[in-house]
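Since the structure comes first, as structure tokens, the remarks are kept for the end.
The figures here come from the full heavy-atom set of this structure, side chains too, leaving out hydrogens, waters and symmetry mates. All chains are named by letter (A, B, ...) in the order of the sequence lines, taking the proteins before the strands, and each is independently numbered beginning at 1.
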Amino acid sequence: MEKKLVLIDGNSIAYRAFFALPLLSNSKGVHTNAVYGFAMMLNKIVKDEQPTHILVAFDAGKTTFRHETFKEYKGTRQKTPPELSEQFSYVRELLKAYGIPYFELENYEADDIIGTLSLKAEQEGVMVKVYSGDKDLTQLATEKTTVCITRKGITDIEEYTPEHVLEKYGLTPLQIIDMKGLMGDASDNIPGVPGVGEKTAIKLLKQFHSVEQLIESVEQVSGAKLKEKLTEHKDMAVMSKQLATILRTVPLDLAIERLVYKGADDDELYDLYRDLEFKTLLEGIQRTGEPEQVTDVSFTIVTEPEAAHFKQADAVYVEMMDVNYHKAPIAGISVSGDGQTIFMPGETAVSSLAFKEWAENQSARKTVFDAKRTVIALRRHGIEIAGVDFDVFLASYLINPSESPEDFAAVAKLHGETGIASDETIYGKGAKRALPAEETYAKHVSAKAEALSRLDETCRHELSENSQNELFDELELPLALILADMESEGVRVDINRLNEMGTELKKRLAEMEKTIHTLAGTEFNINSPKQLGVILFEKLGLPSLKKTKTGYSTSADVLEKLAPSHEIVQHILDYRQIGKLQSTYIEGLLKVADPDTRKIHTRFNQALTQTGRLSSTDPNLQNIPIRLEEGRKIRQAFIPEKGDSVMFAADYSQIELRVLAHISRDEKLIDAFKQGLDIHTATAMEVFHVEESGVTSNMRRQAKAVNFGIVYGISDYGLSQNLGITRKDAAQFIDRYLNTYPGVKEYMDTIIREAKEKGYVTTLLNRRRYIPEITSRNFNLRSFGERTAMNTPIQGSAADIIKKAMIDVAERLEKEQLTSKLLLQVHDELIFDVPKEEIDQMERIVPDVMEHAFELDVPLKVDYSFGPTWYDAK
DNA sequence: GGGGGCACGC
DNA sequence: GACGTACGTGCCCCCC
């Protein structure tokens, strides 16, 4: 087989990886981005090149022979960041595991080792590929040697053959050295000739071929200034060329034969990746030993459950094949405790009196995984589970919301239970997902239940280390049960109304489509941004203002700017708006409404967002249109269950800004709320130094946008986009705001400092969010981290408060024996189904309970309204 | 089946 | 040298 040698510039690739990736670290706090990037690069190289021989060369020590020529060589280099230095030992371990030899030599750079070996290889007739992030190495390109330089990121590379060098620079690879000699290199502190850049260097070399010939014929150089510079600095040029020349005669005792690539030791690689927590890379490895060590579980399949089976039980796991627990059948249930685990097929379990009795027994305490899901699944079979006192899924989310584990196994692993197989290995994924033989999944479900009864203690401990026991016991777990009630209750929709609206919209869409096609002069798919882009920017010749990764941007903000230029644009905007209503809301809602009950049962995800908010899926009932009247009408389809009830909506007014006033203790902001002022107007008055009567609508609009920015933690860029102003002006605005509210500024500074020290921020009720980005040297990442630190306590505390309000309201409804039902939560708003005769009471109770869910230094204010449909509750 | 573009809410 | 901008969900298109 033909030999192929790959030579890798180790320092350069590690640097590249380090700066191309965010500052990742594993749970032990070890920085891993450079190692991770390096590993990705090796994967790619081994796969693409299939080398027979390979070597990674490293730079050794600080000084090299080049420093004898020029002691300031690389003198301007910044010190290697410690976060990178500490990763080199792992890179070496990675290479060992990969079976790749590596080498460094005192007094020489990696380039020189590579140059020497590539020359040696060529002489032996071996093909060579060189990998580096440093373009200087392109001087090594020959017929036998290709130099691969990283372009951007890690795995995007540009291959330099002599032809490519010629094409790109108009020079031979060796002339690259002359080019460097003339133009210098700031990063290596190679001086070159002042005033000569890449363009001039190339021009000169095309005429004179080399630095030496140029100096000889310097008289022929056109341009007096240039001639003078060249004459004056000719020694500099010669020295710079010398510095830029890769040495190809390093005294190496390293035969090519010793660089044979033997392939990776997968076990070693596995251990390393596991320690570093490279989950994605782990998946790519097949271990020779134990592939996925699944702990053995002892369990019994029970077809006739008896009370005795549940005597010691303290954990239960309900398995369903579909994520939608409102519909999915129960495949099986395992119950575990005190070393005993039983599995019951779904049918058996839900029809078992013994199981029902245990499940409904309040004093039989149970640990579950996702209480809401468990409650609803069992409720659908007439079982009201009680005594749930721990939820591993919820606890894990509180301990660290950023983990976003995929399934039970991943959650378990986070807390030390490594022996559970992933759902994907047992059931498969996508279209292939299916129940395997009973014995197989019975074991899997049992393993989960068994792990649950152990995870209880571990997670409890982790919660108490975070001081989150109360958050769990008093807020999230009770909330899970309330959300379960809300979801099971569902919201009734007026299917006829949706159908009517659908018919109407469909008609309008057809007309609009015709108009747009006529104006375009051709038929095309308006929903395809690609086709639309061609029509607008090529056929109609409108100016393309913004690009996306794949082509022209046709987003609303772009189209709005183009609207005056061509009639078609407004039609497209309208078409988009109506199309959205039709597909997402009309058709989408009709699809998920139960035809028998006419109800919609969303699922609130309680363990997803980084801030503690809920999210809603299938359908998302937290983004039903309201801003534009056309869309708002969708809300007419949301109605109470019974004819003479009303939809009752109560929302917090400015809850986030009130939270901000509270946690920042800013006097002006607190005063404004205490006086009951319109906060945007008050902000405008303060920021623009005017009386209330002097606040123009534009001033209020800008103040509102800044307040919005504060609440959502947007950047100056984001604010500039919102207001259609420059980033500079936006930044100035934010500055002015912060100077107006010194308490807020103080808070922002303090919270950022705290986040940097502790690595996380917390909310009023001790919800936690880790912000590793905040120490990044990457400006964008760090800025993002800082905004997150400022914003999360605000948004998260607001989320805490409304969750607390939901619990208080539910308790109060129970106590007063009201039949009104809480149906939905939309971040700062609660929506109820209220029978007519309870309206008076609800008007008194709901705002009051919400306003006193949590005492802040400013009052909480709640507005409410009700009517025959959600639309009317405005 | 998955990624990208776009649009809806807070 | 990096390169991305509050979050989350869902629809459609388009490519593999």
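- The phosphate of dC12(C) (OP1 or OP2) has no side-chain N or O of Lys530(A) nearer than 4.0 angstrom.
- Among the atoms of the strands shown, only primed sugar atoms or phosphate atoms (P, OP1, OP2) are found under 4.0 Å from some heavy atom of Asp828(A).
- Under the 3.5 Å distance criterion, with hydrogens and angles disregarded, a donor-acceptor pair is assigned to the side chains of His680(A) and Asn707(A).
- Around the NZ atom of Lys874(A), the shell of radius 6.0 Å holds more than 12 heavy atoms that belong to other residues, nucleotides or ligands.
- When the P atom of dG10(C) is taken as reference, atom CD of Gln582(A) falls 18 Å away, rounded to whole Å.
- For Asn527(A), the listed nucleotide lying nearest its side chain is dC13(C); candidates were dC13(C), dA6(C), dG9(B).
- The aromatic rings of Tyr864(A) and Phe648(A) lie parallel to each other, their planes meeting at an angle below 30°, with 60° marking the opposite boundary.
- In this structure, CG of Leu581(A) is placed 17 Å from P of dG10(C), rounded to the nearest angstrom.
- When the P atom of dG9(B) is taken as reference, atom CG of Leu614(A) falls 19 Å away, rounded to whole Å.
- Among the heavy atoms of the strands lying under 4.0 Å from Asp618(A) are primed sugar atoms or P, OP1, OP2 only; no base atom is included.
- Position along DNA chain C of the nearest nucleotide to Phe779(A) versus Glu587(A) favours Phe779(A) as the more 5'-ward residue.
- Across all strands shown, Thr788(A) has no heavy atoms under 4.0 Å from either base or sugar-phosphate atoms.
- A close approach under 4.0 Å does occur between a side-chain nitrogen or oxygen of Ser715(A) and OP1 or OP2 of dA6(C).
- In this structure, CD of Glu656(A) is placed 15 Å from P of dC7(C), rounded to the nearest angstrom.
- Atom C1' of nucleotide dG10(C) and atom CD1 of Ile586(A) are separated by 15 Å, given to the nearest angstrom.
- Taking side-chain N and O atoms only, Thr550(A) has a distance below 4.0 Å to OP1 or OP2 of dG5(B).
- If you check every strand for non-hydrogen atoms under 4.0 Å, Leu608(A) touches sugar and phosphate atoms only.
- Ring-plane geometry between His662(A) and Phe854(A) is classed as perpendicular, the angle between the planes exceeding 60 degrees on a 0 to 90 degree scale with a lower cut at 30.
- Across the strands present, dG4(B) finds its partner in dC12(C); the criterion is a Watson-Crick or G-U wobble pair with both atom distances under 3.5 angstrom.
- Ser528(A) has no side-chain polar atom (N or O) that falls below the 4.0 Å cut-off from OP1 or OP2 of dC12(C).
- Heavy atoms of Tyr717(A) sit under 4.0 angstrom from at least one base atom.
- Contact annotation: Thr554(A) reaches the phosphate of dC6(B) (side-chain N/O to OP1 or OP2, under 4.0 Å).
- In this structure, of dC12(C), dG5(B), dA6(C), it is dG5(B) that holds the atom nearest to the side chain of Lys549(A).
- Counting to the nearest Å, the P atom of dC6(B) and the CD atom of Glu560(A) are 13 Å from each other.
- Residue contacts for Asn525(A): at a heavy-atom cut-off of 4.0 Å it reaches the sugar-phosphate backbone alone, with no base atom in range.
- The side chain of Thr548(A) contributes an N or O atom lying less than 4.0 Å from OP1 or OP2 of dG5(B).
- Side-chain atoms of Phe784(A) and Ile774(A), non-hydrogen and from C-beta on, never get closer than 4.5 Å to each other.
- Taking the side chain of Thr617(A) as heavy atoms from C-beta on, and the options dG10(C), dC10(B), dC12(C), the nearest nucleotide is dG10(C).
- The partner of dC7(C) is dG9(B), judged by Watson-Crick or G-U wobble contacts that both fall below 3.5 Å.
- One interatomic measurement links the two molecules: CZ of Phe537(A) to C1' of dG5(B), which rounds to 13 Å at whole-angstrom precision.
- Taking the P atom of each, dC6(B) and dT5(C) are spaced 14 Å apart, rounded to whole Å.
- Among the atoms of the strands shown, none is found under 4.0 Å from any heavy atom of Phe18(A).
- Backbone-only engagement by Gln531(A) is indicated by non-hydrogen atom pairs under 4.0 Å involving sugar-phosphate atoms exclusively.
- Judged purely by distance below 3.5 Å, without hydrogens or angles, the side chains of Asn620(A) and Thr617(A) never pair a donor atom with an acceptor atom.
- Between Ser615(A) and the phosphate of dT9(C), there is a side-chain N or O to OP1/OP2 separation shorter than 4.0 Å.
- Ion pair Asp136(A)/Lys180(A) flagged as a salt bridge, since at least one NZ, NE, NH1 or NH2 atom sits closer than 4.0 Å to an Asp/Glu carboxylate oxygen.
- Nearest to the side-chain atoms of Pro529(A) among the listed nucleotides dC6(B), dT5(C), dC8(B) stands dC6(B).
- Taking the P atom of each, dG4(C) and dG4(B) are spaced 12 Å apart, rounded to whole Å.
- Residue Ile13(A) contributes atom CD1, which lies 13 Å from atom P of dA2(C) at whole-angstrom precision.
- If you check dG8(C), dC7(C), dG4(C) against the side chain of Asn620(A), the one that comes closest is dG8(C).
- Phosphate proximity of dC10(B) to Arg613(A): absent, as no side-chain N or O sits under 4.0 Å from OP1 or OP2.
- Proximity of Ser553(A) to the phosphate of dC6(B): a side-chain N or O atom is located under 4.0 Å from OP1 or OP2.
- For Phe733(A) and Tyr737(A), the ring centers are positioned 6.0 Å apart or more.
- There is no side-chain donor-acceptor pair under 3.5 Å between Gln795(A) and Glu656(A).
- Residue contacts for Gln610(A): at a heavy-atom cut-off of 4.0 Å it reaches the sugar-phosphate backbone alone, with no base atom in range.
- A heavy-atom distance below 4.0 Å to DNA chain B is reached by these residues of residues 570-577 of chain A, ordered by number: Arg576(A), Gln577(A).
- Distances were taken from every side-chain heavy atom of Phe708(A) (C-beta onward) to each of dG9(B), dA6(C), dG4(B); the shortest belongs to dA6(C).
- Within 4.0 Å (heavy atoms only), Leu781(A) reaches no atom of the nucleic acid at all.
- A salt bridge links Arg700(A) to Asp678(A): at least one charged side-chain nitrogen sits closer than 4.0 Å to a carboxylate oxygen.
- Between Lys372(A) and Glu487(A), at least one side-chain N (NZ, or NE/NH1/NH2) sits under 4.0 Å from a carboxylate O, which counts as a salt bridge.
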